[in-house]
Amino acid sequence: ARWRLRAFGSRDGDRAEAVRQLQRAGAQGLDGMRAMLHGDEACRLAAVDGLIRLRAAGELPQIVAAADGTSPLVTDAAALAVRELYADASPRVQTATRLALRNNLALSDLPLPVPPSESARVRGLAVLLLVTLGLLGLWQRERSLLRRAGWA
């Protein structure tokens, strides 16, 4: 509570530090960080960083809205948040994030991360199975060679 009061009542660097300290409160500090997305550049940057660290995927639309294009650091942090958290977001939040990205001129050309498709997973498992079978065959061959040589 004291960091929340400090974040809202102090000035400049002290306010940004209070927003950083709100991360320590975990889910209790989400309301304060969400509110600081409407502050000055340092506060917005600290709030976006805190939300990324807390893996708060539900806050993506607000993070994108906070990147208004006037501060490049906040815009870059919002782009990082989209790349980091979009896959973890619920379908409702993903839809809201896509809408926010379309309305945001600074991030409108940001490509959304594509989750791996089911066919890619199946293909990866097939390759893993083939490699495992190949290694098993090589291991069996070496065992039989050692037996014939009298080492095993």
Side-chain angles (χ1 to χ4, degrees), residues 1-139 142:
R2 111 185 133 121
W3 288 110
R4 192 177 303 167
L5 177 65
R6 204 166 162 196
F8 290 111
S10 58
R11 293 191 170 186
D12 303 331
D14 197 31
R15 178 180 286 177
E17 180 58 31
V19 173
R20 285 186 203 92
Q21 293 299 322
L22 278 173
Q23 294 177 34
R24 298 175 75 195
Q28 308 286 327
L30 284 178
D31 291 335
M33 283 189 276
R34 187 181 306 123
M36 286 296 123
L37 287 173
H38 303 287
D40 63 348
E41 180 180 8
C43 289
R44 283 186 291 162
L45 186 60
V48 170
D49 179 55
L51 291 169
I52 291 172
R53 288 174 190 264
L54 292 175
R55 307 299 294 168
E59 306 300 324
L60 270 176
Q62 291 85 357
I63 292 172
V64 171
D68 57 4
T70 59
S71 54
L73 291 176
V74 176
T75 304
D76 289 344
L80 176 67
V82 170
R83 284 192 296 272
E84 293 276 329
L85 302 175
Y86 187 79
D88 298 337
S90 68
R92 181 185 57 80
V93 172
Q94 287 180 350
T95 303
T97 302
R98 283 194 300 271
L99 181 64
L101 283 170
R102 266 189 255 134
N103 294 336
N104 190 330
L105 294 176
L107 294 173
S108 61
D109 58 344
L110 182 71
L112 291 174
V114 179
S117 65
E118 194 62 36
S119 64
R121 288 185 185 140
V122 170
R123 194 172 29 242
L125 285 174
V127 168
L128 182 63
L129 178 68
L130 288 174
V131 168
T132 303
L133 289 174
L135 287 174
L136 181 65
L138 290 173
W139 179 68
E142 290 298 319

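The residues of the chain are indexed from 1 along the displayed sequence.
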Taking every heavy atom of Ile52 against every heavy atom of Ala77, the minimum-distance pair comes out as CD1-O, 3.7 Å
Listing, residues 56-64 side-chain donor-acceptor contacts under 3.5 Å, not counting sequence neighbours, or none:
| from | atom 1 | to | atom 2 | distance (Å) |
| --- | --- | --- | --- | --- |
| Glu59 | OE1 | Arg34 | NE | 2.7 |
| Glu59 | OE2 | Arg34 | NE | 3.3 |
| Glu59 | OE2 | Arg34 | NH2 | 2.8 |

For Leu129 and Leu133, run side-chain contact (heavy atoms from CB on, under 4.5 Å): C-alpha distance rounded to whole Å, both residues' side-chain angles, the deciding distance at 0.1 Å, then the answer. CA-CA 6 Å; Leu129 178 68; Leu133 289 174; 4.2 Å; yes
In short, side-chain hydrogen bond (donor to acceptor under 3.5 Å, both in side chains) pairs touching residues 103-114 with sequence neighbours left out are none
In short, salt bridge (charged side-chain N to carboxylate O under 4.0 Å, His left out) pairs touching residues 60-70 with sequence neighbours left out are Arg44-Asp68
On a heavy-atom basis, the closest approach of Gly26 and Leu54 is O-CD1, 3.6 Å
With sequence neighbours left out, the residues meeting side chain to side chain contact (heavy atoms under 4.5 Å, CB included) with Thr132 are Leu128
Between the SG atom in Cys43 and the CZ atom in Arg20, the distance rounded to the nearest 0.5 Å is 8.5 Å
So the salt bridge (charged side-chain N to carboxylate O under 4.0 Å, His left out) pairs with at least one residue in residues 91-105 (sequence neighbours excluded) are none
Those residues at least two apart in sequence (or on a different chain) that pass salt bridge (charged side-chain N to carboxylate O under 4.0 Å, His left out) with Asp88 are Arg55
Residues passing the side chain to side chain contact (heavy atoms under 4.5 Å, CB included) test with Ala79, sequence neighbours excluded, are Arg83, Leu107, Leu110
Across all chains, not counting sequence neighbours, the side-chain hydrogen bond (donor to acceptor under 3.5 Å, both in side chains) partners of Ser90 are none
Hits for side-chain hydrogen bond (donor to acceptor under 3.5 Å, both in side chains) against Asp49, two or more places apart or cross-chain, chain-then-number order -> Arg53
Sorted by chain and number, sequence neighbours left out, side chain to side chain contact (heavy atoms under 4.5 Å, CB included) with Ala65 holds for none
CG of Leu30 to CG of Leu51, rounded to nearest 0.5 Å, is 6.5 Å
Residues at least two apart in sequence or cross-chain that pass side chain to side chain contact (heavy atoms under 4.5 Å, CB included) with Glu142, listed by chain then number, are Leu145
Across all chains, not counting sequence neighbours, the side-chain hydrogen bond (donor to acceptor under 3.5 Å, both in side chains) partners of Thr75 are none
The reported gap from CG in Leu112 to CD in Gln94 (rounded to nearest 0.5 angstrom) is 8.5 Å
